[in-house]
Amino acid sequence: MITFFRNDKCQQCDAVEETLRDMSLAHKVVRPGATGSPTDQVPHGITAPAVVDGEERFEGIPAIRRHLEALRQFKAEWDKFQSDACYCDDEGNAI
């Protein structure tokens with residue numbers, strides 16, 4: 001699951017959050033200090049805005065956008081093969 005650590009009152013963070021929803025990716029949004037709960041704090045060494053995706057960490061809006069674009073491309077390729085349809089290459093061979 002993707003965890004997005006975001007700052008409040010950040011329009012670019014709003015856009016990242018919207019992109020995550022639009023892509024239908026499993027994610028959690030954490031607003032550090034919003035609830036005061038220790039579980040809603042940014043882990044040591046991470047500066048918001050940041051995305052943690054498995055073992056990978058992306059800090060800053062440009063890095064987050066690059067990662068989301070790579071995920072969008074991967075998801076588009078994955079979605080091509082999620083039906084009962086048959087796909088053929090240029091020579092007509094089923095792939």
Requested in this report: Output, in order, the C-alpha distance, side-chain angles, deciding distance and verdict of side chain to side chain contact (heavy atoms under 4.5 Å, CB included) for T19 and R65.
Outcome: CA-CA 9 Å; T19 299; R65 285 186 177 159; over 6 Å; no

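- Between atom NZ of residue K28 and atom OG1 of residue T3 there is a gap of 5.5 Å, rounded to the nearest 0.5 Å.
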Practice problem: Please step through side chain to side chain contact (heavy atoms under 4.5 Å, CB included) for the pair L71 and M23, ending with a clear verdict. | Solution: CA-CA 9 Å; L71 288 176; M23 290 175 64; 3.9 Å; yes

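- For the pair E18 and R21, the salt-bridge criterion is not met [side-chain N within less than 4.0 Å of a carboxylate O].
- Put simply, CD1 on I2 and CG on L25 are 5.0 Å apart, with the number rounded to the nearest 0.5 Å.
- Between N7 atom CG and R31 atom CZ the span is 10.0 Å, to the nearest 0.5 Å.
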Side chain to side chain contact (heavy atoms under 4.5 Å, CB included) for F4 and V16? Distances and angles first, verdict last. CA-CA 9 Å; F4 176 41; V16 168; 3.6 Å; yes

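- Salt bridge status for E77 with R72: absent, with no side-chain N to carboxylate O gap under 4.0 Å.
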With a cut-off of 3.5 Å and sequence neighbours excluded, list every side-chain donor-acceptor pair involving residues 44-64.
residue, atom, partner, partner atom, Å
D53, OD2, H67, NE2, 2.8
R57, NH1, G45, O, 3.0
E59, OE1, T47, N, 3.4

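- Taking 4.5 Å as the limit, some side-chain heavy atom of V29 sits within range of a side-chain heavy atom of R6.
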